[in-house]
Amino acid sequence: LGAQRLNEVFSCFVFYGVLLVVKMYAVAIITGQVRLRKKAFANPEDAMRRGGVQYHKEDPDVERCRRAHRNDLENILPFLFLGAVYSLTGPSLFVARLHFFIVFVARVVHTVAYLLALRAPTRSVAYTIGQMPCASMALQVLFSVITYA
Amino acid sequence: LGAQRLNEVFSCFVFYGVLLVVKMYAVAIITGQVRLRKKAFANPEDAMRRGGVQYHKEDPDVERCRRAHRNDLENILPFLFLGAVYSLTGPSLFVARLHFFIVFVARVVHTVAYLLALRAPTRSVAYTIGQMPCASMALQVLFSVITYA
Amino acid sequence: LGAQRLNEVFSCFVFYGVLLVVKMYAVAIITGQVRLRKKAFANPEDAMRRGGVQYHKEDPDVERCRRAHRNDLENILPFLFLGAVYSLTGPSLFVARLHFFIVFVARVVHTVAYLLALRAPTRSVAYTIGQMPCASMALQVLFSVITYA
């Protein structure tokens with residue numbers, strides 16, 4: 001029974017974790033599309049292929065995409081670790097799912113708010129809400145393994 | 001028998017995953033060497049130690065290394081998660097190894113193409129090929145856990 | 001007995017891994033505080049909310065925080081993978097704990113040295129010391145799974 005719940009919780013984590021990875025991939029694809037549309041390439045060899053070295057330049061819309069992506073690296077990637085080890089601590093499926101679901105929705109809202117430049121503090125609020133289950137998981141995991149420090 | 005295959009697939013994933021981490025470390029070391037050779041340091045305290053604050057500057061070769069490294073963060077780190085959970089879904093060793101091997105080779109080619117500024121679209125093609133097994137793994141994992149959403 | 005030691009080693013890894021994630025979160029919070037204090041925001045919509053578009057600007061102290069954070073992404077995130085798979089190779093608890101503890105202390109020193117701009121090479125020495133257990137873990141893991149390549 002314990003093994004079954006662990007499996008359910010871990011599978012639930014994997015579901016939202018993989019969805020968030022797919023969401024990150026979407027930001028990468030959008031960045032590439034914005035580079036093509038604005039003709040703003042990070043590398044001279046790319047610019048040469050797309051019309052000339054003058055397109056090796058920065059662009060504010062591309063930089064916005066890159067900031068959204070970097071924020072994902074800073075927050076989604078640690079979640080992929082925290083969620084996995086939190087699943088192993090034996091939480092109830094309901095509470096665990098709540099943690100994962102809040103992180104998932106908050107990070108989707110964060111990305112939308114970033115890419116569409118929604119009015120502040122939409123993005124920051126989404127960021128903060130998404131970090132709360134992460135802080136909760138971090139604390140619970142720390143307490144469960146503190147005797148092994 | 002099922003446990004044995006799972007162990008074989010996971011070990012195969014770990015092999016290529018660790019090799020890719022070592023590859024990322026190599027990019028970090030190369031970046032440091034280029035900083036020393038071009039005398040271009042990100043921090044004033046480093047520049048002071050290497051001859052003066054005038055060496056606190058940006059350099060196009062250093063920036064190229066940093067872009068290659070950042071692209072690794074965006075793609076290799078999610079693979080370390082995707083490959084692990086994909087291994088747990090019980091794929092055949094042959095198919096799983098093919099996924100991991102393509103990611104590995106594509107990311108090595110991506111790094112070489114980036115650092116040597118090979119003619120476009122060499123780097124982008126390597127990037128796209130490396131993302132295909134990742135997309136395949138993401139989809140397979142999602143299908144296998146979708147009932148736990 | 002083998003399962004118990006594996007559990008002890010893995011729990012020890014989880015303890016230091018989660019502490020390092022918390023340390024990364026601390027850098028993110030510090031970055032936000034420095035942005036508010038120096039009035040230097042990455043996004044126009046944030047600057048508008050804090051007094052005007054003129055505060056959409058770069059700041060050397062903010063950039064320093066961001067470099068510290070990025071270095072964490074480059075090194076702590078791969079450790080979260082390496083430490084996990086190294087734990088599965090069955091090392092002694094003493095040796096494993098030594099690896100994790102050195103990484104932890106070195107990364108804390110690295111962050112302090114970065115944020116306070118301590119004299120070079122304090123930061124680089126901390127970086128190098130922290131990478132040594134990581135290289136050791138990478139090699140041990142590679143040897144333990146090389147037959148599955």
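These numbers come from the heavy atoms of this one structure, side chains and all, not from hydrogens, waters or symmetry mates. A, B, ... follow the sequence lines: proteins, then strands. Residue 1 opens every chain.
Between A:Arg5 and A:Glu8 no salt bridge is recorded (no basic side-chain N to carboxylate O distance below 4.0 Å). Of the charged side-chain nitrogens involved, at least one lies within less than 4.0 Å of a carboxylate oxygen, so that C:Arg70 and C:Glu74 count as a salt-bridged pair.
Contact of C:Phe100 with chain A is not made at all, since no heavy-atom distance falls under 4.5 Å. Only the side chain of A:Tyr127 comes within less than 4.5 Å of a heavy atom in chain C; its backbone stays farther off. At a 4.5 Å heavy-atom cutoff, the contact between C:Val21 and chain A is made by side-chain atoms alone. With a threshold of 4.5 angstrom between heavy atoms, A:Pro60 does not approach chain C through any atom at all. Both the backbone and the side chain of C:Leu19 come within less than 4.5 Å of a heavy atom of chain A. Looking at C:Phe101, neither its backbone nor its side chain comes within 4.5 Å of chain A, counting heavy atoms on both sides.
A cation-pi contact, defined as under 6.0 Å to the ring centre and within 45° of the axis, is absent between C:Arg35 and C:Phe41.
Between the side chains of C:His99 and C:Ser136, at least one donor-acceptor pair of N or O atoms lies under 3.5 Å.
Side chains of A:Cys134 and A:Gln131 form a contact here, defined as non-hydrogen atoms less than 4.5 Å apart. A:Val34 is listed as a side-chain neighbour of A:Arg37, based on a closest heavy-atom distance under 4.5 Å. Counting only heavy atoms from C-beta outward, the side chains of C:Leu20 and C:Val103 approach each other to under 4.5 Å. Contact of the A:Arg66 side chain with the A:Thr31 side chain is registered, since non-hydrogen atoms from C-beta on lie closer than 4.5 Å.
Of the listed residues (A:Arg64, A:Arg119, A:Met137), the one with the most heavy-atom contacts under 4.5 Å to chain C is A:Arg64.
Contacts between residues 79-88 of chain A and chain C, defined by a heavy-atom separation under 4.5 Å, are made by A:Phe81, A:Leu82, A:Val85, A:Leu88.
Aromatic ring pairs are classed by plane angle as parallel below 30°, tilted from 30° to 60° and perpendicular above 60°; the pair C:His110 and C:Tyr114 is perpendicular.
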